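FYI, side chains are in, hydrogens and waters are out, and symmetry mates aren't considered; it's all heavy atoms of this structure. All of these numbers come straight from a predicted model, not from anything done at the bench.
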Amino acid sequence: MIRYNIPIGISEFEKIRKNDYYYVDKTELIQDLVKTEPAEITLFTRPRRFGKTLVMSMLASFFDIRRDSRDLFEGLKIAEDQKLCELWMNQWPVIFLSLKDAGGESFEDAYGLLQSIISQLYVEHAYLEKCTEIDESYKEIFARLKRRQGNKTDVQISLRILMRMMQIYYGKQVILLIDEYDVPMAKAGAKAYYNEMLNVIGTMMSQALKDNTALKFSVITGCLRISKESIFTGTNNFVADTIADERFSSFFGFTDEEVRTLLENTGNLEYFDQIKKWYDGYCFGKTEIMDIFRKSVVRWFDERIAVRDRSELFKALWNEDAGRLSDLISELLFETISYHDYAESFYHAFLAGLFANAGYIVESNYESGLGRPDLVIKDKKKRQAVIMEMKIVDSAESMQKAEERALNQIEEMRYADGMYAQGYQKVIKYGAAFYRKSCLVGRCEV
């Protein structure tokens, strides 16, 4: 039996190939991306641990003009398309940027890490400083950013400047690969510096992606789609591929066939059914994770919530009784699964489920005002609505401040404006903080 090296925790394509690790061939993604004129921007959103970073590393190895990747791709599916390889393999300048570490407890911490990431990227392309064809004004900005001495404007235009310099140097447009683009915004939202980070990241992305003649095309990955937050708005030829889409579904995670082949090659085919039972949870395309939702979450609500008298809950909600809401939601949380399984997505679904199927319109992450509140509950008959923003904390002592942050966010983002614009005469605003099985609800007084 052939012994295989399994690359546990390795997401660098070149390292996997050079060290002869087992690799599940996803290179046909390249054909799908470029077989016709590539979309100017392709966004892939997938859960964590679905191989997004490995895919991006593979793309960088294939396209980057500074590399010779023929040996890396030998024997893989993409190598069979010789014409495509001649046109695209190592023929284009590439920027590969990961934003996975651009977060912190405060905006200052996160911004400092972002500066460091940009600095490392510029150090990687330090050869551009010697190019006599590049204007000195570009080189001045380059030098500041490389030394982490640039101001906020420098950071905001950093990708556009680098792309333009590379275009001049190579005489070709640039392929831009951005991995985990949503991490800075997700961490900023959790730590209450969302608007400050949006101003930096949103402008940086906009400068790189909109009306940029140096851009050949861009591939971007993340767990979330932040499509209405001034990041992708106004971009041309934009394709978003989520877990609900089918075109690229086989290139992230493992298919049944790939798992079966892996187990067969390693002499472990007898464990296929067991492996499938353990790990087969996410499905893409026509069959989304809906089966799991229906069988688990919906069943739980049907058995525990829908059959209960929720009139006290609804009464507290519309009577603006935040204290009573805190008690009732905490009581219901006490009956749920272990708190060790809780994540923000669980609390999100939990709250939405509490008010669903009761004659109200319940919208989660609905676009309103300057952003999207976590939960909107509408009573069309009485022309009243509730906006609820939630925060997850790691200690009971943090709940009060988190609830206040949620209320401040509702006001700062002007979430209620959208409700009033739709004709609702009364809008109640709640901030909710969750810690394990406890909930603390606060209300905006005005």
Side-chain angles (χ1 to χ4, degrees), residues 7-16 43-61 64 94-126 142 144-163 175-209 218-226 229-232 252 343-345 391-394:
I8 305 299
I10 300 176
S11 56
E12 184 181 341
F13 175 79
E14 186 172 331
K15 185 175 183 178
I16 288 174
L43 169 65
F44 293 117
T45 58
R46 294 292 188 276
R48 298 199 182 282
R49 307 299 180 190
F50 268 73
K52 300 188 295 296
T53 298
L54 178 56
V55 165
M56 296 291 270
S57 176
M58 180 266 290
L59 295 178
S61 293
D64 197 337
V94 172
I95 294 174
F96 183 18
L97 174 68
S98 174
L99 295 177
K100 69 180 179 65
D101 294 323
E105 292 296 312
S106 66
F107 173 71
E108 289 71 23
D109 290 343
Y111 183 73
L113 287 168
L114 179 62
Q115 283 184 305
S116 179
I117 291 169
I118 297 298
S119 171
Q120 293 173 45
L121 183 64
Y122 271 54
V123 168
E124 179 186 339
H125 294 279
F142 190 100
R144 291 198 298 267
L145 288 166
K146 191 177 75 169
R147 295 177 176 83
R148 289 192 60 186
Q149 295 173 347
N151 56 35
K152 187 174 76 171
T153 300
D154 290 339
V155 172
Q156 289 173 319
I157 64 174
S158 57
L159 290 180
R160 193 179 187 100
I161 291 293
L162 182 59
M163 293 169 73
I175 294 174
L176 176 62
L177 307 175
I178 302 179
D179 193 30
E180 301 201 54
Y181 87 103
D182 55 328
V183 168
M185 301 311 306
K187 292 185 176 179
K191 300 297 181 181
Y193 55 89
Y194 185 90
N195 290 340
E196 295 166 284
M197 184 55 75
L198 176 61
N199 179 257
V200 176
I201 294 293
T203 304
M204 186 172 77
M205 298 282 281
S206 176
Q207 286 284 318
L209 300 175
S218 180
V219 179
I220 302 171
T221 69
C223 293
L224 308 170
R225 178 177 174 182
I226 310 176
E229 304 282 6
S230 303
I231 290 181
F232 299 120
F252 296 90
E344 185 169 356
S345 57
K391 301 292 181 186
I392 316 303
V393 298
D394 54 12

S.K.: Is it the case that Gln120 and Ser116 place a side-chain donor and acceptor less than 3.5 Å from each other?
M.R.: yes

S.K.: If I take atom NZ from residue Lys15 and atom OG from residue Ser61, how far apart are they, to the nearest 0.5 angstrom?
M.R.: 13.5 Å

S.K.: Which value, rounded to the nearest 0.5 Å, describes the distance between His125 atom NE2 and Met163 atom CE?
M.R.: 11.0 Å

S.K.: Of all heavy-atom pairs between Gly150 and Gln115, which one has the smallest distance, and what is that distance?
M.R.: O-NE2, 3.4 Å

S.K.: At their closest point, which heavy atom of Leu99 faces which heavy atom of Glu180, and how far apart are they?
M.R.: CB-O, 3.6 Å

S.K.: Any side-chain heavy-atom pair from Leu54 and Ile16 closer than 4.5 angstrom?
M.R.: yes

S.K.: Which heavy atom of Lys146 sits nearest a heavy atom of Val123, and at what distance?
M.R.: CG-CG2, 3.6 Å

S.K.: Kindly indicate whether the side chain of Leu59, heavy atoms from C-beta on, has any atom under 4.5 Å from the side chain of Val94.
M.R.: no

S.K.: For the side chain of Ser158 and the backbone of Val155, is there at least one donor-acceptor N/O pair under 3.5 Å apart?
M.R.: yes

S.K.: To the nearest 0.5 angstrom, please state how far the NZ atom of Lys100 sits from the OG1 atom of Thr53.
M.R.: 8.0 Å

S.K.: Return the CG to CZ distance between Asn199 and Phe107, rounded to the nearest 0.5 Å.
M.R.: 7.5 Å

S.K.: Quick check for you: to the nearest 0.5 Å, what is the distance between Ile175 atom CD1 and Ser218 atom OG?
M.R.: 10.0 Å

S.K.: With side chains defined as the heavy atoms from C-beta onward, is the minimum distance between Tyr193 and Asp109 less than 4.5 Å?
M.R.: no

S.K.: Could you check Val55 against Phe13 for side-chain contact (heavy atoms from CB on, under 4.5 Å), going step by step and ending with a plain yes or no?
M.R.: CA-CA 8 Å; Val55 165; Phe13 175 79; over 6 Å; no

S.K.: Are the side chains of Phe96 and Asp64 in contact, using a 4.5 Å heavy-atom criterion?
M.R.: no

S.K.: Could you grab the distance from atom CZ of Arg148 to atom CD1 of Ile117, nearest 0.5 Å is fine?
M.R.: 10.0 Å

S.K.: Give the minimum heavy-atom separation between Met205 and Tyr181, together with the two atoms involved.
M.R.: CE-CD1, 3.9 Å

S.K.: Considering only heavy atoms from C-beta outward, does the side chain of Met204 approach that of Leu159 to under 4.5 Å?
M.R.: yes

S.K.: Go through Leu209 and Leu176 one step at a time and tell me if the side-chain contact (heavy atoms from CB on, under 4.5 Å) criterion holds.
M.R.: CA-CA 9 Å; Leu209 300 175; Leu176 176 62; 4.0 Å; yes

S.K.: Should Ile201 and Leu114 count as side-chain neighbours, where that means a heavy-atom distance under 4.5 Å?
M.R.: yes

S.K.: Verify the neighbour count for atom CD of Glu124: are there more than 12 heavy atoms of other residues, nucleotides or ligands below 6.0 Å?
M.R.: yes

S.K.: Taking all heavy atoms of Ala102 and all of Ala110, pick out the closest pair and write down the distance.
M.R.: O-CB, 4.3 Å

